[in-house]
Amino acid sequence: MSSILLVLVSYVLALAAWPVLAVLFLFARPVPGRYGARGRKGVAAPAQASAPSDRISIVILNWNGRDLLSDNLPSVVEAVQRAGMEDEVLVVDNGSTDGSVEFLREEFPTVRVLSLPHNRGFGEGNNAGVRAARHDLVLLLNNDMKVDPDFLAPLRRGFREPRVFAVSSQIFFQDPVKLREETGRTFAVFRRGWIEYGHGPMPETAGAEFLQVLWAGGGSSAFHRARFLELGGFDPLYSPAYVEDADLSYRAWQRGWVVLMAPASRVYHKHRATSGRRFTPLQVEQLVLRNQWLFLWKNLHDWSWLALHLWHLPALIRRRGDELGFATVGSFCQALKRWPSLWSARRRALRLRDDAEIFGRACSGVSFLAGEPRVPGRDRLHILYITAYLPHLGRHAGAGRMYHLIRLLASRH
């Protein structure tokens with residue numbers, strides 16, 4: 001009976017949401033002459049930021065995590081001392097009540113502390129830290145992360161390429177028995193009207209210094225501070241947590257910048273050690289789902305993709321309901337209530353790349369190609385590319401990724 005009721009509710013919700021979303025997609029378009037898709041008259045690439053210095057501000061967001069800081073912060077301090085680059089460590093305390101601030105000032109006198117009066121959530125707390133940071137590069141690190149002693153050097157090298165917005169570390173779990181659900185090699189697939197997110201396995205072949213990824217994780221990545229602030233940082237639309245890092249990175253891709261992962265930079269995560277203290281597992285899943293709806297409605301502009309999303313909307317609600325039950329209804333309604341913020345965000349969008357190109361470049365799984373290659377003995381490689389998809393632009397996301405990847409390779413090889 002509950003499954004039948006869920007199907008009925010899915011169709012009722014979809015019918016109610018269709019006109020709202022159709023108006024949003026049709027009329028909340030970038031303003032002509034100022035914002036818009038690549039190629040529209042009056043749209044120019046953002047001004048090139050000056051090259052950042054190599055020094056890094058490591059910003060660690062903390063809420064009632066005294067025990068986590070005690071376990072993990074020593075590895076960060078050791079890495080900074082080992083690098084010898086005058087980097088700084090800044091802990092942003094998000095209104096803790098467990099004595100975290102006093103503990104830091106007594107046990108880690110070299111660490112700066114920014115104490116916020118109350119918990120602002122993940123995005124706003126990190127935004128405050130980035131604004132307070134002293135250096136051109138800002139590394140956002142969870143308080144439940146341990147790091148390798150030399151994890152900073154690969155991140156620095158990534159910013160020597162002028163188009164780079166962020167560089168992510170490779171992620172391992174502190175518990176070696178736990179299934180490795182995140183690696184830092186992020187990707188997404190648009191399939192049947194929905195964006196499916198994931199962390200891909202690392203390539204078996206060694207030697208790739210950087211990989212292109214869709215988003216840089218907000219607790220394990222270094223960011224170009226000036227560009228982070230230019231984009232407005234993490235959007236409070238997603239408050240209190242989840243998906244805001246994917247949103248920020250996607251907006252960077254839209255601007256023409258690049259998001260990378262450095263496999264040689266390694267961090268070790270105690271997964272959801274902080275969020276698990278504030279939310280139940282069901283609340284976490286509900287937050288994630290709500291923010292995935294918001295991401296799609298805010299950022300996608302491709303007409304064919306949006307039409308597919310509307311077509312599949314009843315099935316999407318029902319399918320999510322199979323996983324979360326009627327909590328899916330709550331997450332959908334909560335997302336829909338943020339319609340005014342979505343409207344203004346879509347109107348402000350600056351898009352120098354379209355959705356298919358971003359998914360094609362960021363999710364291709366290839367190494368980052370910085371400038372013209374230098375191949376000993378010959379200028380260009382001869383590449384045989386074998387794919388299960390006919391490369392073309394249209395309704396198939398895999399085919400679109402293949403098209404853009406081959407076009408990228410063909411421009412240099």
Side-chain angles (χ1 to χ4, degrees), residues 2-29 37 186-198 214-215 237-238 242-243 246-247 250 253-254 285-339 341-343 345-346 349 351 354-360 362-363 388-390 392-404:
S2 61
S3 60
I4 296 174
L5 183 59
L6 186 58
V7 171
L8 292 174
V9 170
S10 300
Y11 276 92
V12 170
L13 275 180
L15 285 171
W18 271 331
V20 176
L21 294 176
V23 168
L24 180 72
F25 297 156
L26 285 169
F27 297 105
R29 307 292 292 174
T186 57
F187 72 96
V189 176
F190 186 79
R191 181 182 291 129
R192 290 179 297 198
W194 185 249
I195 301 174
E196 299 175 2
Y197 304 84
L214 185 59
W215 77 90
L237 175 72
Y238 300 93
Y242 296 111
V243 190
D247 170 84
Y250 200 81
W253 277 108
Q254 288 177 327
E285 296 303 322
Q286 201 170 0
L287 268 176
V288 171
L289 181 56
R290 183 203 70 178
N291 288 349
Q292 288 176 343
W293 292 113
L294 291 172
F295 178 95
L296 191 154
W297 297 342
K298 174 188 174 183
N299 290 306
L300 294 193
H301 292 263
D302 186 290
W303 289 112
S304 63
W305 289 19
L306 295 175
L308 275 174
H309 175 68
L310 291 176
W311 175 258
H312 287 283
L313 195 56
L316 292 172
I317 299 172
R318 180 183 53 77
R319 199 183 315 148
R320 302 283 85 78
D322 291 341
E323 301 164 4
L324 298 181
F326 282 94
T328 300
V329 176
S331 71
F332 184 86
C333 293
Q334 289 168 17
L336 207 59
K337 276 198 247 182
R338 303 198 173 198
W339 185 85
S341 298
L342 290 168
W343 180 279
R346 287 178 66 86
R351 300 174 56 242
D354 59 29
D355 298 320
E357 181 179 359
I358 294 171
F359 275 69
C363 306
Y389 302 118
L390 179 66
H392 71 96
L393 296 179
R395 292 172 295 176
H396 195 285
R401 290 197 303 277
M402 295 305 101
Y403 173 86
H404 285 294

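Quick note: numbers below take in every heavy atom, side chains included, and nothing from hydrogens, waters or symmetry partners. Keep in mind that what you see is a predicted model, and the values were worked out from it rather than measured. Each residue takes its place number in the sequence, starting with 1.
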Please examine the side chains of Y242 and R290, heavy atoms only from C-beta on, and report whether any two atoms are closer than 4.5 Å. no
Using a 4.5 Å cut-off on heavy atoms from C-beta on, say whether the side chain of D354 contacts that of D302. no
Check: F295 ring centroid to Y238 ring centroid under 6.0 Å: no
Kindly compute the distance separating CG (L342) from NZ (K298), expressed to the nearest 0.5 Å. 8.5 Å
If you measure from CD1 on I195 to CH2 on W293, what distance do you get to the nearest 0.5 Å? 11.0 Å
Any non-hydrogen side-chain atom of F187 less than 4.5 Å from a side-chain atom of Y197? no
Determine, step by step, whether L21 and L306 satisfy the side-chain contact (heavy atoms from CB on, under 4.5 Å) criterion, reporting the C-alpha distance in whole Å, the side-chain angles of both residues, the deciding distance to 0.1 Å, and the verdict. CA-CA 9 Å; L21 294 176; L306 295 175; over 6 Å; no
Rounding to 0.5 Å, atoms CG (L294) and CG (D247) come to a distance of 9.5 Å
Which value, rounded to the nearest 0.5 Å, describes the distance between L336 atom CG and F332 atom CZ? 5.5 Å
Centroid separation F359 to W305 less than 6.0 Å: yes
Sub-3.5 Å donor-acceptor pair from the side chain of T328 to the main-chain atoms of I317, do we have one? no
To check you understand the geometry: which heavy-atom pair defines the closest contact between P314 and A14, and what is its length? CG-CB, 3.6 Å
Heavy-atom side-chain proximity of R320 to W194 below 4.5 angstrom: yes
Within the side chain of W215, is there an N or O that forms a donor-acceptor pair under 3.5 Å with the backbone of T186? no
Quick check against the 3.5 Å criterion: does Q334 have a side-chain atom that pairs as donor or acceptor with the backbone of V329? no
Donor-acceptor under 3.5 Å (R346 side chain, H301 main chain): no
Within this structure, what is the CG-CH2 distance for the pair D355 and W303, rounded to the nearest 0.5 Å? 12.0 Å
Atom SG in C333, atom CG in L13: separation rounded to 0.5 Å? 5.0 Å
Side-chain contact, heavy-atom cut-off 4.5 Å: W18 with V23? no
On the six-membered ring of W343, is R29 placed so that its NZ or CZ lies under 6.0 angstrom from the centre and within 45° of the ring axis? no
Would W297 and W339 satisfy side-chain contact (heavy atoms from CB on, under 4.5 Å), going step by step from the backbone distance to the final call? CA-CA 9 Å; W297 297 342; W339 185 85; over 6 Å; no
Determine the minimum heavy-atom distance between G193 and L296, stating which atoms define it. O-CD1, 3.8 Å
How about L316 and R192: do any of their side-chain heavy atoms sit closer than 4.5 Å? no
R318: which residues meet the salt bridge (charged side-chain N to carboxylate O under 4.0 Å, His left out) condition with it, sequence neighbours left out? D322
Quick one: side-chain hydrogen bond (donor to acceptor under 3.5 Å, both in side chains) partners of E196, sequence neighbours excluded? R191
